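Throughout, residue positions are numbered sequentially from 1 according to the sequence presented. Keep in mind the model is a prediction, meaning the values are calculated, not measured. Atom set for the values below is all heavy atoms of this structure, side chains included, hydrogens, waters and symmetry mates excluded.
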Amino acid sequence: MTPSRCFTFFKCVFFKNFGTCGDLDINYSVKKKYFWSRNTISILLKQIILYFFTLISFPLLSQTKEQERLLSEMLFVKTSERQEKIYEFFTLFPTDSVGVMQALKIVGAYGKKHGDLHLEMCEPSGYLVLLSKSKTISNETYKKAIDSVYTIYKNRKMGEVFLASFERKLAEYYMYREKNYALGFKHFQQGFDLLKKVDIEEYPYKVQETLGLLYNHYDFEDYEKCIYFAKETLKEDKKIKNRNLAGALKMHMAYAFRDLGQLDSADVYFNQVIDEAKDRGDWVQYGTALCYLGYNCYLKNDFAKAESLFKKGIAEIGNDAGMKPVKVLFFSYLAEIKSRDSELESSKAYLKELNILKAQTAYKGNQVQVYKNLSNVYKRMGDSELALAYLDSMEIAEEYMRVNYDSKRFIREQQQEEIDKVRREKETLVFWRNITLYFLSLVFILSLIIYWLSLSKKKAEMLQIQLELEHSKKELLLITEHFKKKRPIRPGSVEGPEYNSILQILEESTILTKEDWETFKNHFEKVYPGFLRNLVKTYPDLTQGEIRFISLKKLGLSNKEMAETLGVSDQSIRTTLHRLRKKVNLSSDDDIELLIQKI
């Protein structure tokens, strides 16, 4: 909306609201005439109000242009720079939940419009951040929201950075809302493993992610893991642009070394932080590192050096409100050191500073050390009542911290046992499932092998049978040819009444020896399996001679060839055929062929 249109808009609204021009669709000349007919005071008042509304319209207009500028810039910057643009965009809206949701919707819609998945997903992920800070949202509702958005991210195949951010959200949910520390650490670890694949220049907030992991592990006294996570992240130390965060990593690694009793290693990292913080003028971190380096000297009983570092560190920290608890702690150490040297006035001066700072801060950290130091100071001053009071306070604070820590650690161990139990049960199920699959696969493979061997064997047997059949056919053919070549017995060469003894000659013919007939029959059975058996079963009254006759007929021999084979005359064959036909009730000679085909 241009300035002139804004002016016209407010002018019309003004006129309508004050009733000077009636409805907006009235002719403007009529409105103008009616307007200027008013008295001078009324005109002046209206002009002032009109000018006021016009002034309001310009910031709104410039804010819209600023929104458009930032949105367009988001499309063409790196992921690391984009986050800064998003934060800058959010500053254009109210800081309440409604303003944040409005900004999220605008960014999400803009990303969807331009096909930018990262910007589009800002809306659901930002909505989760709002839910996480709400005290009215139930744990179940928040968990469902996390799961639904996480499912969207996985289905949209977002990169490791986005999945890692949701692993962190899940970790924080379990850690702070459900108090399920074991699952919280599990998701922290999974997020860290994802971020290990990401270059820190692509995702500068990798350092913050690691710091969150360090805080929780340090709280549970997992010092070795603190050192591991810090070292892994500091492999890219030169690429970390936010040196304050790099210093925080080194500080926590130094704390872990100190609590493990490795003071020399802790000194190395405290000195690194001191040098780097001094170079960039970060006096708060510089002073803090000096104080904790002094604490290492105190643990080594080098009280003079510790005092010097405490003084210098407190001076460098200055009046930073967030560092007042640290100053309280180290003022208590200064008072304790001075009381050792019997410099009670100096000790009292430090106690005075300490009490002033204690009154200004509600932070209750470091209470055990502070109360212990104060108890020692007042004991050396001869104030046994205060010494005992602070000693009692120290024991109460220590007991509270120990019980709280032991409780959290016990709960975590129980939760871890439950997770391990579920994991073992799952692994057992997977193991037996795999065993079952392997067994079924083995059975299937063996079945295939057995089937293949059986099929191969069957094929071999079929081939052998086929070869034997071919051999038998050849043998039978040779026998048949052999029969045909035998010397025939001519008609008239047989003495006696030939026609009356034809059948007897046929049946008792010895032109085929017993061995020849057995050989012939074996080959015949292979070529025509079951033929002779079916023939005897169908006609049990047939003689051996008639069976031989039908067998030769089955081979397709003519009457003449059969006569020559059997050593009888053609007439004898015809007579035999005639008698056979009567025995099996055949009407004609051709029916003998049908008989043979049926059998």
Side-chain angles (χ1 to χ4, degrees), residues 128 139-198 206 209-210 212-233 235 256 405-456:
L128 281 181
N139 289 353
E140 184 180 359
T141 302
Y142 182 56
K143 179 64 167 55
K144 285 181 179 179
I146 291 177
D147 290 339
S148 62
V149 178
Y150 188 58
T151 302
I152 294 172
Y153 269 54
K154 290 185 74 174
N155 292 340
R156 300 294 291 272
K157 296 181 180 179
M158 305 292 284
E160 287 86 357
V161 169
F162 302 99
L163 294 179
S165 69
F166 270 89
E167 289 291 349
R168 182 179 177 182
K169 286 182 175 63
L170 283 170
E172 291 172 346
Y173 166 77
Y174 285 116
M175 187 74 73
Y176 306 128
R177 282 181 172 256
E178 292 285 348
K179 304 301 180 184
N180 192 327
Y181 307 113
L183 273 177
F185 279 113
K186 177 185 175 183
H187 286 287
F188 269 131
Q189 180 69 54
Q190 289 175 178
F192 182 80
D193 291 339
L194 285 168
L195 286 180
K196 281 175 67 177
K197 307 173 186 176
V198 181
K206 184 176 179 179
E209 302 276 355
T210 307
L213 189 57
L214 284 178
Y215 296 152
N216 285 283
H217 278 288
Y218 188 81
D219 188 39
F220 276 86
E221 299 182 2
D222 293 335
Y223 303 130
E224 291 84 357
K225 284 194 173 182
C226 288
I227 294 169
Y228 166 74
F229 292 130
K231 282 186 175 180
E232 285 294 315
T233 308
K235 286 179 179 179
Y405 171 75
D406 289 343
S407 174
K408 288 168 65 176
R409 195 173 187 87
F410 177 72
I411 292 170
R412 181 187 174 187
E413 288 173 356
Q414 283 189 320
Q415 292 166 346
Q416 190 61 50
E417 286 177 5
E418 187 64 28
I419 291 173
D420 292 339
K421 181 182 177 182
V422 173
R423 177 180 53 78
R424 286 193 298 270
E425 290 175 353
K426 185 177 179 180
E427 288 176 351
T428 302
L429 288 174
V430 171
F431 172 77
W432 285 111
R433 183 198 66 185
N434 292 339
I435 289 294
T436 304
L437 289 174
Y438 292 150
F439 177 74
L440 292 176
S441 301
L442 183 61
V443 169
F444 178 72
I445 293 171
L446 288 175
S447 300
L448 287 178
I449 292 173
I450 293 171
Y451 174 75
W452 180 78
L453 291 174
S454 176
L455 188 62
S456 299

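- Contact of the Thr428 side chain with the Glu425 side chain is not registered, since no non-hydrogen atoms from C-beta on lie closer than 4.5 Å.
- Taken to the nearest 0.5 Å, the CD1 atom of Ile411 stands 9.5 Å off from the NZ atom of Lys179.
- No donor-acceptor pair closer than 3.5 Å links the side chain of Ser454 to the backbone N or O of Ile450.
- You'll find the side chain of His217 reaches within 4.5 Å of the side chain of Phe185, heavy atoms only.
- Checked by atom type, the side-chain pair Tyr228/Asp222 shows no donor-acceptor distance below 3.5 Å.
- With respect to Lys421 and Glu417, no salt bridge is recorded, no charged nitrogen being found less than 4.0 Å from a carboxylate O.
- Ser456 contributes atom OG, which lies 10.0 Å from atom OH of Tyr451 (distance to the nearest 0.5 angstrom).
- Panel note: side chain Lys206, backbone Thr233; no donor-acceptor pair is recorded below 3.5 Å.
- Judged as a salt bridge (charged side-chain N to carboxylate O under 4.0 Å, His left out), and not counting sequence neighbours, the contacts of Lys235 are Glu232.
- Rounding to the nearest 0.5 angstrom, the gap separating the CD atom in Glu167 from the CD atom in Gln190 is 4.5 Å.
- Rounding to the nearest 0.5 angstrom, the gap separating the CG atom in Asn180 from the OH atom in Tyr173 is 9.5 Å.
- With a 4.5 Å cut-off on side-chain heavy atoms, Lys225 and Phe220 do not count as touching.
- At distances below 3.5 Å, at least one donor-acceptor pair connects side-chain atoms of Asn434 with backbone N or O atoms of Val430.
- Taking the six-membered ring where the residue is Trp, Phe192 and Phe229 present perpendicular rings, their angle passing 60° and hence far from 30°.
- Nearest heavy atom pair, residue Phe188 against residue Gly212, reads CZ-O, 4.5 Å.
- The line from CG of Leu442 to CD1 of Ile449 is 8.5 Å long, rounded to the nearest 0.5 Å.
- Taken to the nearest 0.5 Å, the CE atom of Met175 stands 10.5 Å off from the NE2 atom of His187.
- Closest of all the heavy-atom pairs between Cys226 and Ala256 is CB-CB, 4.1 Å.
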